[in-house]
Amino acid sequence: MSHIYGCSLEKGGETVRRLCPVHHVLFVLALVLLALIACPKMATAQLTAPEKFLGFKPGADYKLASYVQAAAYFDHLASQTGRMRVFDMGPTPMGKRMRYAVISAEENIKDLDRYKEIAAKLSLARGVRPAEAERLAADGKAIVWIDGGLHATECAPAQHLIQLAYDLVAGEDETTRRIRGNVIALLVFPNPDGMDLVAEWYIKNVGTKYETSSLPWLYNKYIGHDNNRDSYNASQLETQNISRAQNHEWFPEVVYNHHQTAPFPTRIWIPPYGEPANPNKPALVIRWENLIGAAMGKAFDEADKPGAISRASFDAWYPGFMTQVVTTHNIPSILTETALYRYATPREYKLADFPEAYRDLTKSAFYPNPWKGGWWRLGDAVDYCLTASKAVLDVSARYRRDLLLSKYKIASGIIAKYRSEPPFGWIVPREQADSGATIRMLEKLMLLGVEVYATREPVSHEGRQYPADTYFIPVSQPFGMYVKTMLETQNYPDLRKYPALWQGIPSPVRVDTAPLRPYDVAGWTMPIQMGVDCQELKQPAGFQTEQLSAVQSSQGIVSGTEGSSWIFSAADSNCFIAANRILAAGGKMSRAVETFRAGGMIVPAGDFIAGGLTPDRMAGIARGTHVSMMRANVPTKTREVKAPRIGHYKPWTASMDEGWIRWLLEQYEFPYRSLHDADFREGKLNAKADIIILADISARSILNGNQEGSMPPEYVGGMTEAGVRNLREFVAAGGTLICNSSSCELAIQIFSLPVENARPAAVKKGFYVAGSLVRMNYDISQPVAYGMRENGAAFISGGMLFEIGPSASGVRVVARYPDEPLLLSGYMEHDELVRGKPTVLDVSYEKGRIILPGFNFHNRGQAHATFKLLFNALLY
Ligand SMILES: [Zn+2]
């Protein structure tokens, strides 16, 4: 560098160049001119700040930007700069489009396809040699996914994205320039519907006595808060869009999922995570999370923002969470939980409000700067989110190359290791009792980036023969740890045995009391939960395979040409879609009441028998639903099935389970109507429905609903005694009531059933189960269990089990725990206390019927193996 512009000074070992005043002015003018000529779009003065566009600064008291406003701001800002583009991820259930921002230096934005390709190559590692990986990592950019608003009532994360976009585009400080140069930031609103519903509700109520009241409905179409339990199941459109963007398009180096439930009085929870870690989480991923977490903590203390805590509360076990599903895709994932009061309403906290343990403000390794109390506003939470996001972006910029290379190293390591180490993979036969669930399972895995193959030759393994074209899912693949996580059984550790892991003191104290609870679910093994037959491959795959780009059902064929009936299996969950389509088309449906022979086949009780439509129409329904049918004459007694009028109870307490069941009914094409508290209070229920469903909601909540004064009057109060009386009359007059898990309690009470919930007594003696898969026996001669596996499984979390009174009549046991060790996957204590106990009952009451599944039959739309309990009850 020439010295003509000025003189050099030595300062602290560095050479600092100073310009003399005249040269300085000329130099600056020249730079400005150059900047204006070269890139007029980059003159930051032209960029519209959020407060100019919205009329308030994101995080302002009593203000919330809606998704519509935020997305419009993104479009507006992108039109002013070459550093930002807005893309579309797909539709939402309420008809919006999921739009997200991509921000980086202008030259990077021009080359996005190349950077996506580099990220994909390094993430998948297929065919990339180490030397090429080094070159790619040197050339690539760190793709960092930051989302805000998955839980829409946690308002700060979504609001902060608006400010973050502006700061990243407009900032000219060294850090921001480094971020733009090295990082491609994806700013994502993962729940647009919810963001609008919450903004609308809050803005309407600001200044009234309902300002901080809860929403009387879910903050998205179906599942509310459970949208962060949907990551591997990908049941919802938003989850599907996110999965596609992460696993098929962007392959991010870091994923950051913002939330707002800090353990009070801390102001933000940041990684490292609590115990236990999922055993399939790559060590390097855990190290990155710890490193990024430490950098975030440092950023908070540099910015004089006290109250950042790590480790406590949030563990790294369950892949239903967005943060955890990505870790077995070899992505370091950051969760934060910023403190929240309510929406955009501020609140002051005094030390006296703190739990006692926090009042003396003791420092610790993972809470070095305790918060002392004071005002907390949405603006503070937005500021904390900004500090956290910028810290993550800055670390990603500084370690760009290493982050890119890490993903390659992990993926190529897994591919190599599981070629010669078990588990080698899972064989999934095409011939399955539940073909519909099998296809769904494979599609879900593929959406999450799993490579699914078909064997090109017959395979024989441990006494079982599989024809050519059998599905095979190897662990030796880039996301092999995800394959393992989803297909193997979970063995959740008894944390009382490992106090050194989590207590952080020299002589760990033994804990002999109750089990230490996981943050959420302990076991989820997909084949068990979905009722899909799989076999683990215990030796290296010595057979030829071909990767599939999609899975196609081989079902949907009509066999036989003679006979007036079309027979199809009740074991295939798609049979309910077929049955509903036949009923909707005006066809006749019935179910076999006993096993019989037809067309050379044995047809079990419960199978569907259809007629009354043309052969072409039937063939079309078989093809469309992938349900194979057999045309034959039926030589036996059958029970006619009519399209039921379904009423589904919808309270004003925003029940997630109500939403899940609504979603389930729609997926399997059961028409229904929602019934509100007022419908129950008004009565004449038999005129409104033949079947009423009560979701997994407590008896007290159903009866009382929202408390008076907590909400606008139209959403206050529950079904009340009047509603309960009408429900009793409904069943007495021939209606069917279907409960789910905790709502069974209400049925037991109001119908004075000769049945008791035996769970509390068992829990008192030490029985404990944490969201796990357990053995369950089904009486498949009972209509409610038609088509199920006799020795099956169920997902258990809470719920009830039954003790049937000695003089009880009209009570039929549909399912019970077998008399053997129960745990299949997850965590359970003292299961001997519940073995043999009934869990699902079918009870006659006067002219009607009450179905009591003591466990939640769908488990957040995941437990395909037990969906049939509901569907059979609907088509009794
Ligand atoms: Zn949350």
Side-chain angles (χ1 to χ4, degrees), residues 59 64 67 98 145-161 164 187-199 201-202 212 214-215 217-233 236 238-239 242 255-271 273-274 289 293 296 307-327 333-345 376 378 380-382 384-386 388-389 392 518-521 654-657 659-660 771 860:
L64 284 180
Y67 169 74
M98 280 176 79
W145 169 293
I146 300 181
D147 62 63
L150 185 67
H151 290 159
T153 45
E154 301 166 8
C155 298
Q159 303 296 308
H160 111 284
L161 283 187
L164 182 62
L187 308 190
V188 181
F189 297 107
N191 180 7
D193 294 338
M195 200 172 155
D196 279 352
L197 289 166
V198 168
W201 176 254
Y202 179 68
T212 58
S214 305
L215 258 74
W217 39 77
L218 297 161
Y219 55 61
N220 47 37
K221 190 166 180 190
Y222 298 108
I223 63 167
H225 206 75
D226 269 354
N227 60 4
N228 196 27
R229 306 292 185 279
D230 194 45
S231 290
Y232 60 76
N233 194 39
Q236 304 297 305
E238 298 94 326
T239 326
I242 289 168
V255 165
Y256 180 178
N257 180 225
H258 276 270
H259 288 264
Q260 252 191 305
T261 317
F264 184 73
T266 72
R267 294 297 92 190
I268 187 168
W269 183 96
I270 57 178
Y273 289 88
E289 289 169 353
M296 294 166 81
I309 194 169
S310 302
R311 289 206 94 211
S313 268
F314 302 99
D315 69 29
W317 181 260
Y318 174 52
F321 300 130
M322 169 129 69
T323 44
Q324 294 313 315
V325 79
V326 300
T327 61
S333 112
I334 302 304
L335 168 74
T336 57
E337 297 277 358
T338 308
L340 161 76
Y341 172 51
R342 292 228 154 178
Y343 310 109
T345 299
W376 188 255
L378 181 65
D380 296 316
V382 166
Y384 271 58
C385 290
L386 283 168
S389 289
V392 171
Y519 184 77
D520 211 285
V521 168
S655 158
M656 286 187 283
D657 201 61
W660 274 119
R860 294 160 165 155

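For ligands, and for the atoms within them, numbers begin at 1 and follow the listed sequence.
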Chemist: Tell me how many protein N, O or S atoms are closer than 2.8 Å to the Zn ion (ligand 1).
Modeler: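 Total protein N/O/S atoms under 2.8 Å from the Zn ion (ligand 1): 4.
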Chemist: Just jot down the ring pair (Phe, Tyr, Trp, His ring centres under 6.0 Å) partners of Phe189, sequence neighbours excluded, or say none.
Modeler: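 So Phe189 forms a ring pair (Phe, Tyr, Trp, His ring centres under 6.0 Å) with Tyr67, Phe74.
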Chemist: Answer yes if the side chains of Thr153 and Tyr202 hold a donor-acceptor pair under 3.5 Å, and no otherwise.
Modeler: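 The criterion, which ignores hydrogens and geometry beyond distance, is not satisfied for Tyr202 and Thr153.
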Chemist: Is the backbone of Leu340 close enough, under 3.5 Å, to the side chain of Arg342 for a donor and an acceptor to pair up by distance?
Modeler: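 Checking the backbone N and O of Leu340 against the side chain of Arg342, no donor-acceptor pair under 3.5 Å is found.
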Chemist: Checking the side chain of Glu337 only, and the main-chain atoms of Pro263 only, is there a donor and an acceptor separated by less than 3.5 Å?
Modeler: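 Side chain of Glu337 to backbone of Pro263: no pair is present.
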Chemist: In terms of the angle between their ring planes, are Tyr232 and Tyr318 parallel, tilted or perpendicular, with boundaries placed at 30° and 60°?
Modeler: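 The arrangement is perpendicular - the two ring planes meet at more than 60°.
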Chemist: Name the orientation class of the two ring planes belonging to His258 and His160 (parallel below 30°, tilted from 30 to 60°, perpendicular beyond 60°).
Modeler: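 His258 and His160: tilted rings.
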